[in-house]
Every structure is written in structure tokens, then in C-alpha cells.
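Working notes, beginning with the structure itself.
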Amino acid sequence: MSSSRPFSGMLAVAVLASALSAACAHAGTLTPAVSTQEFDNPHRGFMLWGSSYAVDGGVDNFHGAHIYHVYLPWRIIETADQVFDWNAVETLYLQPILNDDPLATFVLRPVADYPESAASQIDAHYSGGENERDYPKFLEQAPLNIPYAVRAKCDSDGPIRSLDYNNPAARQQMQQFVQALAARFDGDPRITAIQVGLLGFWGEWHTSGCEDLQPNAQTRSLIRDAYTAAFLKTPLQTRYARASDVGSALFGFHEDYFPSFTGKCNAFNPQMPSCSDDGWWNLEYGLANEVPAARQNWMVNPVSGESPNSNQKSTWTNRTADVRKLLRDYHFSFLGPAGAHETSGNAAKLKTLKSDLGYRLGISTVTWPNTQVRGQQAALQLGIKNHGSAPLYNAYHVELHWVAADGSTKARTSIPAVTLSEIMPGTVQSRSTTFTVPSSLAPGSYALRLALADDTPGRRNIAPQNDGQDAQRRLPLGQVQVN
């Protein structure tokens, strides 16, 4: 049995070499230029507030955002122990946005304690009173009887109704909730990322101003591990690069005090407004001192940020070059929901910032055979470069499409040798591979086109960083004869 393996390998190499040799004799080649346009692609760019979209009647979208940040109150979802109302999530939060913006994707953060939730309309869909309570009532009741605390203020935030996160029953309930959340949303193509909430104020794993209420390191580690065990496909983000929050997990980060708590204060002169870099709340401090291994987490999970204060928002337009450097150095993929993009104006500067967010995949070179035989292997040489600041984290792949003269797509095939998520910023992934010409094609002439396609059929393609795309965002390669 073992003696057949080298032979099989040599046969595969011979087939590929033969196909490449034949292709080179009658090959079409395209080396498209890199476009300077800012294409509107999924899972990157600006993010908008979506938590109260339905009750607000929408949200202003001045700069072409399609990512929406949605806080998911635990009490809305779990109506009784292990009884989950996912229809409420769809009808109250996601579908109203999708009705207005079919291209919408979502960053979801489950929350158990949103201080002064009424001011942000987090409680808009609550019934039964106790609107400061964002977790299910049954957690307080028998047989669980989980303790909770009520505070008028913690720092300047409140009122607050905070669960005892360190209670063993609370830990178990949160672990079960995370498992249910993943069963519902892991791999959902509409989800840009899940932010690992539940714990602490705003799901940020702290209780600033009321430190006696905070989840301890053991609780944080348990919930961290629940997320990493349950979510195997959808990208994950956490708030802080703190040892107990991250451990060996590959979480991305959401820096919600950007740019004040992002880099070292002395990196810029003058310093960024309200800069603080002497503790784990600062992203650079955490990556340097708490979890050094997590500095490369951006390669597998996204980094994002938002600017809630006016002096932070102003840096987007008054210190654009400095902000761009931070976006590139820390490999940001999206910004929001708070930021300068919430208002109109400064279109040119914000467009420049948007171009520094996330992936920008451009086709460098393609070579294919001009004459193809149905059901037979054909050679393909393909190079794709990432001109952005971060990789693509969501599930997409390369496809070839055969398009008839009337514009209809007659067949398509995937190119599994290309892994789009592995193309890091500034690098080119080059592949020499083969594909099978679809046997369903009728003999004739076709326009061969290349698509960066969503793994879920029917969703919009990624626009490559090249001009000349067709209406379906595919790159025309050339005419081929299929026999």
C-alpha cells in the first residue's frame, strides 16, 4: 500500500506539469493594474450604531458604511432557563437594518449590564419593568438565586444592576449562553465578528468605578474559554489585551477609546488627546506587557476601534496622517460605531481613512488556457496581492465563471488552492494549479471571469482592487473556446 503513495504523488505532479505546459502554448494572460478606487467591500470600513435602529427609525449613513454594531441584551434572548428567543434577535435587531441595507453585516456583543441602558435605548424592547436589568430575571429567582447589586452610579455611569459574575451558577449560565449563541451564529455569513461580551459594564469585562463588582480572573478565563471552544468559524474580538482576558486565545481587539488608548503616548508629538499608556487598558501596553504573543492575533481575528469623545473624533480629520499610521501599524479592519463618520463632511479625509481599513485584494496576474476541453483539467496561474492593512477574516474563495454572449453565467468552478484569508498585507499569494472545466458547458466561446466569491451562494462578491469589473464585481479575463 505504501509503495503506491509516491507513485500517486508523481502522477499528480506529472498531470499538473502537462497541463501547465499545454497552457503555456495557447495561454491568455492578464496583468491588471492596481486601482486607486476605494471599493465598497464587506467586513471592512466604517461601522454604525445598530442597537436601537428599529426604534430610532434608522441611522444616518454619510460615508458608505455597511457594518452595524448591535448590543444584544441577554434578557431579550434567554426568556427562561435554556429557552432562547432567536426570532426576537432577528425581528427586533437584524431584520430592520437588512430591510434598509441588504448589504449589512453585524458585529454582535451580548450584554448583561449596560449602565443607564435607557439613555441609549438598549431597553427599548424590554417588557415587565426593571429596565436597568439587562440579564434574564430567572437568574435572580429560585432555584438559581444568583446575587446581584444595584448602584446609582459607578464613576459617572448608572444606574446599574449588576449580576454576581463570580457566582458558580452565574458562570455556568454564561457558559451555556455562549454555547447557544455559537450554535445560532457561528459561521453566519452576515456576522463580521462576535465581541466576547456578557461580563462587566457594556460587556467590556470591567466594572470601572465599582471594582468590587468586577468579574475576577477565574471568571474571565472561564468565559474566554467558552467562547474559544464554541466559536470555530466566526471572528472573535475582546476589549482588552489583558492576560486573563486573552490567555492563549487568538482574539482580535476592539479599542473603544481610539486613539487615546491605542499606542504609546510618546509615539506622537503632541500626544494623542487623553492618552494613557501605563496599564492594560492601553492596547500597546497590553501587547507589550500582558500578552506579547497576542501581537500577531490580527493575523487571524480583526482589530477595530471607536472614538466616543469629541477630541478623539477630531483627530480623524485634524491629525489624519497620525490616525492612518495607527490604523496601519495595528492592522485595523473597521472603525465605529462612534467616530467622525457619524457626521457629514470631510468626505475626502474619511475616504482616505477608510482605504487604510482591512483587506484590499488585487489580482496581480492570471494565466489560463484559451482552449479548454469539457471535463478535462486545465492549468491556472494566479497571483493575488493584499494592498490593505489587514487580511480577510471571513469565508470567501476564488471562482472562475464561464459567461455566454447574452451575459448569462453558464458554469462556475472554485479554485481551492487559493486561500484568501492567508494573504497578509503587502504580500502576494501566487499559485500554479489546475481546475476541471465544467462538463455541463456546451461547446462554444465564453468570456472567462474571475470572482472573489462568498462561501454562501447568492451573497455579493468582493470587488478586487482592479478596475474594469463587471456588474457582478467579477474581473473579465478573456475569451476562451470550450470544446
Kindly state each residue pair satisfying salt bridge (Lys or Arg N to Asp or Glu O under 4.0 Å) with at least one member in residues 76-86, sequence neighbours excluded. none
Show me the pairs that pass salt bridge (Lys or Arg N to Asp or Glu O under 4.0 Å) and involve residues 267-285, at least two apart or across chains. Glu284-Arg295
Hey, does [Y] have a side-chain heavy atom less than 4.5 Å from the side chain of [X]?
X	Y	result
Val89	Leu94	yes
Cys154	Pro115	no
Pro235	Pro302	yes
Lys313	Glu306	no
Ser244	Ser221	yes

Side-chain donor-acceptor pair under 3.5 Å between His43 and Thr192, yes or no? yes
How about Asn461 and Tyr396: does a side-chain donor come under 3.5 Å of a side-chain acceptor? no
Please report the shortest heavy-atom distance between Leu139 and Leu144, naming the atom on each side. O-CB, 3.7 Å
Distance check, rounded to the nearest 0.5 Å: [X] atom [atom1] versus [Y] atom [atom2]?
X	Y	atom1	atom2	answer
Phe201	Asp134	CZ	CG	11.0 Å
Arg242	Tyr285	CZ	OH	12.0 Å
Leu72	Leu108	CG	CG	5.0 Å
Asp212	Ser162	CG	OG	9.0 Å

When the ring planes of Phe261 and Tyr257 are compared, do they come out parallel, tilted or perpendicular, using 30° and 60° as the limits? tilted
Taking the ring of Trp86 and the ring of Phe185, is the distance between their centroids below 6.0 Å? yes
Between Phe253 and Tyr330, is the gap from one ring center to the other below 6.0 Å? no
Quick one: does [X]'s side chain have a donor or acceptor within less than 3.5 Å of a partner on [Y]'s backbone?
X	Y	result
Thr219	Pro215	no
Asn301	Leu236	yes
Asn346	Leu350	no

Working for side-chain contact (heavy atoms from CB on, under 4.5 Å), residues Lys385 and Arg360: CA-CA 8 Å; Lys385 182 173 182 178; Arg360 300 177 86 197; over 6 Å; no
Distance under 6.0 Å and angle within 45° of ring axis: Arg239 vs Trp205: no
Derivation and outcome, salt bridge (charged side-chain N to carboxylate O under 4.0 Å, His left out), residues Glu90 and Arg184: CA-CA 11 Å; Glu90 297 291 338; Arg184 177 69 181 192; 3.3 Å; yes
Any residue meeting ring pair (Phe, Tyr, Trp, His ring centres under 6.0 Å) with Phe334, in chain and number order, not counting sequence neighbours: none
Residue among Val111, Leu163, Asp113 satisfying side-chain contact (heavy atoms from CB on, under 4.5 Å) with Trp74: Leu163
For residues 144-165, the ring pair (Phe, Tyr, Trp, His ring centres under 6.0 Å) pairs (sequence neighbours left out) are none
Asp101: what forms a side chain to side chain contact (heavy atoms under 4.5 Å, CB included) with it, not counting sequence neighbours? His66, Tyr68, Leu103, Ala104
Sequence-distant partners of Tyr240, side-chain hydrogen bond (donor to acceptor under 3.5 Å, both in side chains), two or more places apart: none
